[in-house]
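Have a look at the structure below before the remarks.
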Amino acid sequence: MGSCVDFGMLAPTVPARSAPAPKGPQVSSRVRIPSTGTGARFAGPARFPAAAALAALAVRRISRAGRACRADDVDYEVVAELILKQTGRMPEELRDEWVNGLQCPWCGGGRKKEKSFSCRVRPGQIYCKCWRANKCKIQTTLRAVAPAGGSAQRPAPSRSAQVERAQPTRSALGLDNRLLSVPHREYLLQRGITEQVLRRNRVCSKKHKLGNVLVFQYFASEPDSSPRLVAEKVRKLPKEFWQTTGGQKCLYGVDDIKGQPEMVLTEGEIDKLSLEVAGIRAAASLQNGCKGGLSLAFGAEEAFAKAKRIVLAVDGDEGGQACAEELAKRLGKSKRGVSRWQMCYLVKWPEGCKDANEVLMRYGAERLRSLMAEAEPMIKGFDDEVMAEVMARISGTMPLEYISGVSTGWEGVDNFLRIVPGEISVVTGMPGNGKSEWLLSLAVNLSYRHQWRTLLFAFEGKEESLAAQLATKVQATVPQLQDPGVALEWLDEHITLGCSDFEGFTQEKILARAREEKAQGLDLLIVDPYNCIEKSKEEKDEVEHKYIGSLLGKLRKFADEYKVHVVIVAHPTKSAAWLNESPGLYDIAGSAEWFNKTDNGIVVNRRKVELEDGDVVSTRQVEISVKKVRNREAGKLGSAWLLYDAKTRSYSDLQMDLGCEEDDAVPQRAQARTSAHA
């Protein structure tokens, strides 16, 4: 066997050139010039343009040790203002907490304005770190200016620096809020919300540049503290919404659900107020509707964990129902990960109503209250189609091929694997071991024995050579099709080539073509190989294991929906080629999803033997190793042996003793002995 050489280790080393000592005025030794990426630092006379430019850039930055040049206007107060803008809370309230996603006050986030600055607040000091690798990398601690008579680590910024510095926008919560205006009061009263409910929930109005707007104030309390204003939802009638600057993520009415065994979640603030009118105070609303997610802050997580019944009173439209599913998935898990779907209940709105407020206006408070009591549990059950399949299987009316599959055409392989419609299989093996050859023979067998139709995407072969290869296999498999012309006509009816001459297809085009062929009775889809599938622009930016998982998910969904068996070929990693053994499913390049998201895993391996002269040659014996079978009624783990006939390009069952069949398996060069890795 040949040995591998890592040519990357043979790259010549270029000796560093020593520059002569420059003359003339020098850049200050306190200025550390940023690295250019090669690890070298440049210093030179300011009269050279390049050195002058680098020096000018350096004096606007701070060194890794925290020494400031012209960045001495960055102090405790500046970072405190950044924290206030991000969280709406002063540093004193964030003891030992990390604040992320800020823009570095030293480097400004660079040209792309990256938000890569983090800080951790401790009493009287803020630890700062910029994560812009090889660029800013500031890492320092800022201390608050000590009171009179005390000492400080660094002086307060100059007055001129404070004037020049861009001041962050402060929280606008509560600013210009006023009593509920007459138009807003009349609007809410018309929607059935009482004066008492409006006062208790502190609904008010605000003066805004767009006019007088309606404000829903989000109050929340923490342990050992009274409720405080943490967010505001502003509404300009009729239906324009936004959040006030400086707000935090929170549920509207979060304090009302704390400690309650039963509670209601709604999509909007007015729906929460409508439930209170109906006598249900233990209700809260999502902050940003069905697409805004669920906030667990300010005690909401503990409230949900202790609840025994959570009613999801979301809108009855498509978006609302999708929101209910997502909420149930998130709320239906205990801290230990145990499914608790039974705690979530979904409201069924009456005809003509889509939310709680419409029911209150049309049918009254009593009807709304009864709907909450009649909410149905969101048990994760089976839909009608799945139930029909289960009943057909139990009653024995389901075709046997959908349970235990159909024969592959080889008795030895059938002992370990039968082909089931609606499943997905992955085939792998070392290059040259006959993966594609065996799959073509499988397609011919299924067409001949079961009248299956196959759509073949063979990206690594030409159309003419594939047609000739398939015709040869047909003549060897079907006795009555010895005439080449008749064999090609038979092939045209049973096997369709999805691409030709190395043509590329995206996964969406492959599935679209497969759906078209299904209209004519498609039974088998072969994609050979995976790595030749073209990626869209968005898919190229994906991490490979996520892309593979998404691809297999789409193929699996197609297989199940259309009852088509899907086979995809994937090559193993190069490292597997260095081992004296066949690869496994976890050796496939890219991701463990090849094992996790497929129903069957098959490895094709040609047996090798070592001749007396030391040469290792491949035999005509082929091992079909079944490494995974999800449906145990259709197969089991194990290996079957086939004998490949190069003349007819066909396979036949091989009953063999690995130590006694050399004459039928090895080229006629010399008597062979079985290799240790056979």
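Since this is a predicted model, take the numbers as computed values, not measurements.
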Parallel, tilted or perpendicular: which one describes the rings of Y530 and W594, with boundaries at 30° and 60°? perpendicular
Enter the distance from K473:NZ to D645:CG here, rounded to the nearest 0.5 Å. 10.0 Å
Check against side chain to side chain contact (heavy atoms under 4.5 Å, CB included), K554 and E508: CA-CA 9 Å; K554 292 177 182 179; E508 297 300 334; 2.8 Å; yes
Can you tell if the side chain of L643 reaches within under 4.5 Å of the side chain of Q621, non-hydrogen atoms only? yes
Looking only at side-chain N and O atoms, does S118 offer a donor or acceptor that is under 3.5 Å from a partner on N100? yes
So do the side chains of S441 and R649 get within less than 4.5 Å of each other, counting heavy atoms only? no
Test side chain to side chain contact (heavy atoms under 4.5 Å, CB included) on L642 and L654; report intermediate values, then the result. CA-CA 5 Å; L642 303 176; L654 177 63; 5.7 Å; no
Side chains of S618 and K608 in contact at under 4.5 Å (non-hydrogen atoms): yes
Is the ring pair F457/F505 parallel, tilted or perpendicular, if the boundaries are 30 and 60 degrees? perpendicular
Residues A487 and V474: closest non-hydrogen pair is CB-CG1, 4.1 Å
Do the side chains of L481 and Y448 get nearer than 4.5 Å, heavy atoms only? no
Just checking E411: does its CD atom have more than 12 heavy atoms from other residues, nucleotides or ligands closer to it than 6.0 angstrom? no
Using a 6.0 Å cut-off, check whether atom NZ of K518 has over 12 heavy atoms from anything other than its own residue. yes
Kindly check if the number of other-residue, nucleotide or ligand heavy atoms within 6.0 Å of NZ (K546) is above 12? no
Heavy-atom closest contact (A328 atom, C344 atom, distance): CA-SG, 4.0 Å
Could you tell me the separation between the CG atom of D523 and the CD atom of Q451, rounded to the nearest 0.5 Å? 10.0 Å
Rounded distance (nearest 0.5 Å) linking atom CD1 of I602 with atom CG of L417: 5.0 Å
Sequence neighbours excluded, the answer for ring-ring contact (aromatic ring centres under 6.0 Å, His included) partners of H494 is W490
Do the side chain of K435 and the main chain of G429 share a donor and acceptor less than 3.5 angstrom apart? yes
Is the side chain of T506 donor-acceptor paired with the backbone N or O of S536 at a distance under 3.5 Å, no angle test? no
If you look only at pairs with a residue in residues 405-436, which of them pass as a ring-ring contact (aromatic ring centres under 6.0 Å, His included), with sequence neighbours excluded? W410-W438
Does Y547 form a side chain to side chain contact (heavy atoms under 4.5 Å, CB included) with Q507? I'd like the steps, not just the answer. CA-CA 11 Å; Y547 169 76; Q507 54 178 282; 3.1 Å; yes
Distance, nearest 0.5 Å, that separates CG of N531 from CD1 of I588: 11.5 Å
Flag side-chain contact, heavy atom, 4.5 Å: R513 against T496: yes
Per the side-chain contact (heavy atoms from CB on, under 4.5 Å) rule, which among I624, L442, V567 passes with V427? V567
When every non-hydrogen atom of S447 is compared with those of I495, the smallest separation belongs to OG-CG1, 4.1 Å
Answer yes or no: is there a side-chain heavy-atom contact under 4.5 Å between H450 and E401? no
For A467 and L488, which heavy atoms make the closest approach, and how far apart are they? O-CD2, 4.1 Å
E318, CD atom: more than 12 neighbouring heavy atoms under 6.0 Å: no
NZ/K129: more than 12 non-hydrogen atoms of other groups inside 6.0 Å: yes
Residue pair N596 / Y586, side-chain heavy-atom distance below 4.5 Å: yes
Considering all heavy atoms of both residues, which atom of V420 and which atom of I403 are nearest to each other, and what is their separation? CG2-O, 4.3 Å
Would you mind telling me which of L524, L439, L497 makes a side-chain contact (heavy atoms from CB on, under 4.5 Å) with L456? L497
Test applied, salt bridge (charged side-chain N to carboxylate O under 4.0 Å, His left out); reference residue, D599; option that passes from R418, R556, K628: R556
Are the side chains of V406 and R449 in contact, using a 4.5 Å heavy-atom criterion? no
Main-chain N/O of H565 paired with E423 side-chain donor or acceptor, under 3.5 Å: no
Could you go through the side chain to side chain contact (heavy atoms under 4.5 Å, CB included) check for E114 and W131 one step at a time? CA-CA 10 Å; E114 299 176 26; W131 299 92; over 6 Å; no
Kindly compute the distance separating CG (D528) from CD1 (I533), expressed to the nearest 0.5 Å. 10.5 Å
Interatomic distance, I510 atom CD1 to I568 atom CD1 [nearest 0.5 angstrom]: 7.5 Å
side-chain contact (heavy atoms from CB on, under 4.5 Å) partner of V603, the single match among N433, T428, D587, V626: T428
Heavy-atom closest pair (A514 atom, L455 atom, distance to 0.1 Å) is CA-CD2, 3.7 Å
